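Only one structure is covered here, and it is reproduced in the block below.
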Amino acid sequence: RWLAVPSGSQQHLYGLWCAGPDFMVAVGDKGTILQWNGQTWSAMASPVASPLRAVWGRSAKDIYAVGDGGTIVHFDGQRWAQQMSGTQRNLRGVHGNLSSAMAVGEWGTVLTQADGRWMPMPLPSQPTLNAIALDDNGRGVAVGEMGALLEYDGLTWVANASGTGQGLLTVARFGPGWVAAGREGTVIARESAIWVKKKSGPAQLMGIGRGDQGQLLIVGALGTIHTP
């Protein structure tokens with residue numbers, strides 16, 4: 001069953017990344033960064049005061065968080081340090097794999113990390129992007145407002161039809177395919193070469209994960225936990 005656990009913070013929290021049952025990181029307003037040690041949440045020293053919108057890591061010693069004003073911070077296992085993003089645009093999503101990391105945001109912003117530097121990537125359009133997911137083979141999907149959906153084959157980004165005009169707020173690799181969800185309870189999944197609509201949730205959906213039995217769970221507004 002689900003239990004409420006005090007965070008020790010009054011700030012809005014927007015992103016959560018889990019390395020394991022004894023280490024999780026949450027980020028939010030005013031540069032808030034919280035760490036879970038398996039029993040309690042505690043504040044971590046943050047080098048920024050701007051809102052942090054998303055967090056992702058390769059391990060407990062290699063974590064990225066992104067946010068407003070082009071903010072990118074990195075945790076090396078000892079401390080968080082700010083990195084130069086090269087943009088002032090708000091960043092809303094970050095994800096990666098063992099060899100690369102990417103961040104997305106407003107005005108079609110996609111940044112990739114190369115040789116320790118963050119560099120912009122060319123896109124076919126400039127939608128506001130809310131989330132990104134990469135798989136272990138370097139393929140990726142980015143989603144955003146007005147049903148924006150971009151796919152990455154390891155070399156270039158191309159636009160694909162999402163089949164919805166609703167804003168998409170989250171995307172994840174799930175099994176052999178991809179799943180995205182967003183406003184008005186919208187859920188879509190990539191089956192073969194096309195994206196198809198799935199059973200909608202009762203409210204806005206903002207996060208995708210796995211249950212304890214490996215099942216797809218999508219969470220959102222009004223306490224929603226949705227299984228398509």
Side-chain angles (χ1 to χ4, degrees), residues 14-15 53-54 56 66 70 87 89-97 99-113 118-211 214-222 224-228:
Y14 302 115
R53 305 289 181 178
W56 170 84
V66 303
T87 183
R89 295 174 179 174
N90 294 338
L91 300 174
R92 299 185 176 185
V94 61
H95 201 259
N97 53 34
S99 61
S100 64
M102 295 186 188
V104 298
E106 295 178 346
W107 293 98
T109 299
V110 178
L111 305 177
T112 185
Q113 196 182 48
W118 290 92
M119 304 291 292
M121 303 185 76
L123 295 185
S125 58
Q126 289 187 314
T128 290
L129 297 172
N130 295 320
I132 183 172
L134 297 177
D135 68 12
D136 293 340
N137 296 315
R139 296 169 297 191
V141 175
V143 298
E145 297 302 325
M146 300 180 66
L149 191 151
L150 302 171
E151 296 182 343
Y152 184 65
D153 63 3
L155 295 173
T156 58
W157 286 95
V158 296
N160 200 349
S162 67
T164 181
Q166 298 293 338
L168 297 170
L169 304 176
T170 182
V171 62
R173 183 76 161 170
F174 194 84
W178 303 84
V179 178
R183 306 192 195 282
E184 302 297 328
T186 300
V187 180
I188 59 174
R190 195 179 197 279
E191 296 183 353
S192 186
I194 62 173
W195 288 82
V196 297
K197 291 184 179 180
K198 294 295 186 178
K199 178 185 174 183
S200 296
Q204 178 171 289
L205 299 171
M206 296 174 280
I208 298 172
R210 291 180 183 270
Q215 72 271 33
L216 174 65
L217 296 178
I218 308 178
V219 299
L222 304 176
T224 297
I225 301 175
H226 177 59
T227 302

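FYI, the numbering just counts along the sequence from 1. All values derive from a computational prediction rather than experimental measurement.
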Exceeds 12 heavy-atom contacts within 6.0 angstrom, atom CG of N137: yes

Spacing of CE belonging to M206 relative to CZ belonging to R183, to within rounding of 0.5 Å: 9.5 Å

Qualifying residues under salt bridge (Lys or Arg N to Asp or Glu O under 4.0 Å), relative to E191, sequence neighbours excluded: K198

Closest contact, heavy atoms only, L111 versus P120: CD2-CA, 3.8 Å

Distance in Å, T227 OG1 paired with Q215 CD, rounded so as to fall on 0.5 Å steps: 6.0 Å

Residue of the set V94, N90, V104 for which side chain to side chain contact (heavy atoms under 4.5 Å, CB included) holds with V66: V94

I188/V179 under side chain to side chain contact (heavy atoms under 4.5 Å, CB included): CA gap, chis, key distance, verdict: CA-CA 6 Å; I188 59 174; V179 178; over 6 Å; no

Point-to-point distance, once rounded to the nearest 0.5 Å, from CG of L205 to CD1 of I225: 11.5 Å

Sequence-distant partners of W157, side chain to side chain donor-acceptor pair (under 3.5 Å), two or more places apart: none

Polar side-chain atom of R89 near backbone of W107 as donor-acceptor pair, under 3.5 Å: yes

Of all pairs that satisfy side-chain hydrogen bond (donor to acceptor under 3.5 Å, both in side chains), the ones with a partner from residues 161-182, not counting sequence neighbours: none

Contacts of S100 that satisfy side chain to side chain donor-acceptor pair (under 3.5 Å) - sequence neighbours left out: N97

Residue pairs, two or more places apart or on separate chains, that pass salt bridge (Lys or Arg N to Asp or Glu O under 4.0 Å) and touch residues 157-172: none

Results of salt bridge (Lys or Arg N to Asp or Glu O under 4.0 Å) for R139 - residues two or more places apart only: D135

Pairs meeting criterion salt bridge (Lys or Arg N to Asp or Glu O under 4.0 Å) with involvement of residues 155-171, two or more places apart: none

Qualifying residues under side-chain contact (heavy atoms from CB on, under 4.5 Å), relative to I194, sequence neighbours excluded: V196

Sequence-distant partners of F174, ring pair (Phe, Tyr, Trp, His ring centres under 6.0 Å), two or more places apart: none

Point-to-point distance, once rounded to the nearest 0.5 Å, from CG of L217 to CD1 of I208: 10.5 Å

Which side-chain N or O atoms in residues 121-134 pair as donor and acceptor under 3.5 Å with protein atoms at least two apart or in another chain?
{"unit_1": "N130", "atom_1": "OD1", "unit_2": "R92", "atom_2": "NH1", "d": "2.7"}
{"unit_1": "N130", "atom_1": "ND2", "unit_2": "E145", "atom_2": "OE2", "d": "2.8"}
{"unit_1": "N130", "atom_1": "ND2", "unit_2": "L168", "atom_2": "O", "d": "3.0"}

N/O donor-acceptor pair under 3.5 Å between H95 side chain and V141 backbone: no

Heavy-atom pair with the smallest gap, counting every atom of A180 and V143: CB-CG1, 4.1 Å

Sequence-distant partners of R190, salt bridge (Lys or Arg N to Asp or Glu O under 4.0 Å), two or more places apart: E151

Gap between atom CG of N160 and atom CH2 of W195 - 0.5 Å precision: 8.0 Å

